[in-house]
K.L.:
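Here's a structure for you.
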Amino acid sequence: MLQAHLEITGMTCDGCARHVERVLLGVAGVRAADVSHEPGTAQVTGEALHAATLTTAVHAAGYGVAVGGPTQSHGGLGAEQHAAANSPAGSTRPAPVRVSIIGSGGGAMAAALKAAELGAAVTMIERGTLGGTCVNVGCVPSKILIRAAHIAHVRRESPFDAGLSPAPSVVDRRQLLAQQQARVDELRRTKYEDIVAGTSAIEVVRGTARFENARTLRVALAGGGERLVPFDRCLIASGASPAIPPIAGLNATPFWSSTEALASDILPRRLAVIGSSIVAVELAQAFRRLGSDVTVLARGPLLSREDPAIGSALTEAFVAEGIVVLTHAEASRVSYTGEEFVLTTPRREVRADQLLVATGRTPNTRELGLSVAGVDVDHAGAIVVDDHLRTSAPHIFAAGDCTDRPQFVYVAAAAGTRAAVNMMGGEATLDLTAMPAVVFTDPQVATVGLTEAEASRRRIATDSRTLPLDAVPRALVNFETGGFIKIVVEASTGRLLGVQVVASEAGEVIQAAALAIRARMTVHDLADQLFPYLTMVEGLKLAAQTFTKDVRQLSCCAG
């Protein structure tokens, strides 16, 4: 066992000493670390102590360090390490921290760039297309499809048809798909491929990674052969894949997941959708607006994890557009005749030309060999992380859809950045207290913070108000009054706990609510703010005012 003595500068309290201890314990080979604020020293014990690695870790944590003469339990620092540790300042360059990243999506890319910025040597391992789900087969193509469907819808039907005659579009799905894919290719190139190629500290290895042990990845290379990738720190950002429910006969049919639906140049005449998740409702409405007859089969209400009023409002909007919504209608069997799908439900049989299965996403963790590395997962296979993005193995971190955190790309990116800071010795946390979320249906659904039910489970007494959109001037002049704004507050203090919005521009409203919750504002603080007239976000102020007055008795822009 080896020992090393460090002299550390910049510590101002015992908390600093504990921070440095955690940093040192995360260094490969370190088994024990005893750090003292006064007189600014550290005794480090381990099986293999590298002076350069120790100093890099402490420097990354924000402190100065010098490695003193080594002591020896069963040997000391090697002669080469001793010389490097005691050489004049600036005469040697410490070896960079080796960071390996599994994946190349939003979380992985954010982590790679931040780690490289902090001085790490980064190896990014990608088994498929660079950029991960969001840019290639998720957020970007789906929002392009949804926007095209919206344009088709308003040309066919709008609140102003009496004065602006409708002009229904002829939908050319092949042309729309070509336009969609061109933008996807452009964003993947400019936001991923070009950036990686221009960052010398990041190496991309094409292949499938699996843990060989707690400090090494074995990569089956895409071009054949294998490569061992040793690391000091590792980030798992392997993403998730569409979940396929265990429905009898389903796997024997050519059903679509969201990936196939977004990549197909076929617009089915009849589309059945199994699921009530975000992806299910977004794509169901988009295909309906492009011309398909759509039937949604949901085990419960639409968006069942949200406030019940949200599912009711969305169902009402869907039915008005001609979408058949079958709630509490779980399919027990699916068959395919070669021409059509036949879905058996307790109440009826549903026939369709195409079937879309959108019942959530499953973390890509089963083939990683996580047990070898000491990384724990939950019952769903998601990697369990703390608020510093650490797994059960202190030197291994995880971010994005493969973890037990919400599956949104902006959460993944924020997690990846913070994980990189922590891999390099920092103490960044991911706080999801005021995490906004948007569902890109029409009307949109946007939420942040707690619902009444969630607050009740936490034993928080609440008060709430729901403002219908026909009390919001912007919605009135748009002639789009279907929806609401709901505010949930702590009953005893009036502190904002959560906001739920169903409106055509809900996604543009919710960030203001998120900032208010983050600032721990009360509903009275919110009601007293200035909001520009004839904006949808003004509805937040009006909803806040309903806690103390009848806003229908106010003038249009009353303060």
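Keep in mind that the numbers below use all heavy atoms, side chains included, and drop hydrogens, waters and symmetry copies. All residue numbers refer to positions in the sequence shown, counting from 1.
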K.L.:
Should E117 and K114 count as an ion pair when the cut-off is N to O under 4.0 Å?
P.N.:
yes
K.L.:
Passes side chain to side chain donor-acceptor pair (under 3.5 Å), R390 versus N422? Steps please.
P.N.:
CA-CA 9 Å; R390 287 187 179 90; N422 297 337; 5.4 Å; no
K.L.:
Any non-hydrogen side-chain atom of D387 less than 4.5 Å from a side-chain atom of L430?
P.N.:
no
K.L.:
May I ask you to test the F531-L526 pair for a side-chain heavy-atom distance under 4.5 Å?
P.N.:
yes
K.L.:
Taking atom CG of L530 as the centre, does the number of heavy atoms from other residues, nucleotides or ligands within less than 6.0 Å exceed 12?
P.N.:
no
K.L.:
Quick one: does S456's side chain have a donor or acceptor within less than 3.5 Å of a partner on E452's backbone?
P.N.:
no
K.L.:
Keeping R233 on the side-chain end and G26 on the backbone end, is there a donor-acceptor pair under 3.5 Å?
P.N.:
yes
K.L.:
Would V65 and V20 count as a side chain to side chain contact (heavy atoms under 4.5 Å, CB included) here? Give the steps.
P.N.:
CA-CA 11 Å; V65 60; V20 175; over 6 Å; no
K.L.:
Is E505 reaching over with its side chain to a backbone N or O of M536, donor-acceptor style, under 3.5 angstrom?
P.N.:
no
K.L.:
Can you tell me if E282 uses its side chain to pair, donor with acceptor, with the backbone of F440 under 3.5 Å?
P.N.:
yes
K.L.:
Charged N to carboxylate O below 4.0 Å: is that the case for E21 and R18?
P.N.:
yes
K.L.:
Which pair of non-hydrogen atoms, one from P363 and one from A380, has the smallest distance, and what is that distance?
P.N.:
CD-O, 3.7 Å
K.L.:
State, yes or no, whether a side-chain contact exists between V385 and D404 at a heavy-atom distance under 4.5 Å.
P.N.:
yes
K.L.:
If the test is side chain to side chain contact (heavy atoms under 4.5 Å, CB included), which one of I144, N136, L283, V184 qualifies with L262?
P.N.:
L283
K.L.:
To the nearest 0.5 angstrom, please state how far the CZ atom of R218 sits from the CD1 atom of I125.
P.N.:
12.5 Å
K.L.:
If we ignore hydrogens and angles and just use 3.5 Å, is the side chain of H395 paired with the main-chain N or O of R215 as donor and acceptor?
P.N.:
no
K.L.:
Could you check L450, V448, V488 and say which one makes a side chain to side chain contact (heavy atoms under 4.5 Å, CB included) with V499?
P.N.:
V448
K.L.:
A side-chain contact here means heavy atoms from C-beta on lying under 4.5 Å apart; do Q444 and I510 qualify?
P.N.:
no
K.L.:
Would you say that F408 contacts L432 through its side chain, given a criterion of any heavy-atom pair below 4.5 Å between the two side chains?
P.N.:
no
K.L.:
Return the minimal non-hydrogen interatomic distance between G449 and E454, and the atom names on each side.
P.N.:
O-OE1, 3.7 Å
K.L.:
Any heavy-atom pair between the side chains of M109 and V196 that's under 4.5 Å?
P.N.:
yes
K.L.:
Run I236 and L368 through side chain to side chain contact (heavy atoms under 4.5 Å, CB included) and show every step you take.
P.N.:
CA-CA 9 Å; I236 306 168; L368 294 176; 3.7 Å; yes
K.L.:
Using the salt bridge (Lys or Arg N to Asp or Glu O under 4.0 Å) definition, which of the options R518, R405, R418 pairs with D431?
P.N.:
R518
K.L.:
Judged by atom type as modelled, is there a donor-acceptor pair below 3.5 Å linking the side chain of D525 to the main-chain atoms of T522?
P.N.:
yes
K.L.:
Please find the pair of heavy atoms, one from I460 and one from E490, that lie closest to each other, and give the distance.
P.N.:
CG2-CG, 4.1 Å
K.L.:
To the nearest 0.5 Å, how far apart are CG in D194 and CZ in R189?
P.N.:
6.5 Å
K.L.:
So, do S100 and T123 sit near enough that their side-chain heavy atoms are less than 4.5 Å apart?
P.N.:
yes
K.L.:
Check whether S36 reaches the backbone of T41 with its side chain - one donor and one acceptor, N or O, closer than 3.5 Å.
P.N.:
no
K.L.:
Parallel, tilted or perpendicular: which fits the ring planes of F231 and F211, with parallel below 30° and perpendicular above 60°?
P.N.:
perpendicular
K.L.:
Taking the side chain as every heavy atom from C-beta outward, state whether E306 and Q500 have any atom pair closer than 4.5 Å.
P.N.:
no
K.L.:
Would you give the length of the straight line joining atom CE of M521 to atom CZ of R495, rounded to the nearest 0.5 angstrom?
P.N.:
13.0 Å
K.L.:
Look at the side chain of T417 and the backbone N and O of A414, then say whether any donor-acceptor pair between them is shorter than 3.5 Å.
P.N.:
no
K.L.:
I'd like to know whether CD of E367 has more than 12 heavy-atom contacts from other residues, nucleotides or ligands below 6.0 angstrom.
P.N.:
no
K.L.:
Rounded at 0.5 Å granularity, tell me how far OG1 in T190 sits from CD1 in I195.
P.N.:
7.0 Å
K.L.:
List the steps and the verdict of side chain to side chain contact (heavy atoms under 4.5 Å, CB included) for T391 and D376.
P.N.:
CA-CA 7 Å; T391 70; D376 293 340; over 6 Å; no
K.L.:
Applying side chain to side chain contact (heavy atoms under 4.5 Å, CB included), run through R206 and L130 and close with a yes or a no.
P.N.:
CA-CA 9 Å; R206 302 282 185 168; L130 201 70; 4.2 Å; yes
K.L.:
Are any side-chain N or O atoms of S392 and backbone N or O atoms of G374, one a donor and one an acceptor, separated by less than 3.5 Å?
P.N.:
yes
K.L.:
I'd like to know if R188 and E126 make a salt bridge, using a cut-off of under 4.0 Å between side-chain N and carboxylate O.
P.N.:
no
K.L.:
Taking all non-hydrogen atoms of both residues, which atom of S104 and which atom of M124 are closest, and how far apart?
P.N.:
CB-SD, 3.5 Å
K.L.:
Once you round to the nearest 0.5 Å, how far does CG of L24 lie from CZ of R22?
P.N.:
11.5 Å
K.L.:
About how many Å separate CG of D378 and OG1 of T403, when rounded to the nearest 0.5 Å?
P.N.:
9.5 Å
K.L.:
Between G360 and S277, what is the shortest heavy-atom contact and its length?
P.N.:
N-OG, 4.2 Å
K.L.:
Which pair of non-hydrogen atoms, one from V99 and one from A120, has the smallest distance, and what is that distance?
P.N.:
CG2-CB, 3.8 Å
K.L.:
Just by distance, do the side chain of T365 and the backbone of G381 share a donor-acceptor pair under 3.5 Å?
P.N.:
yes
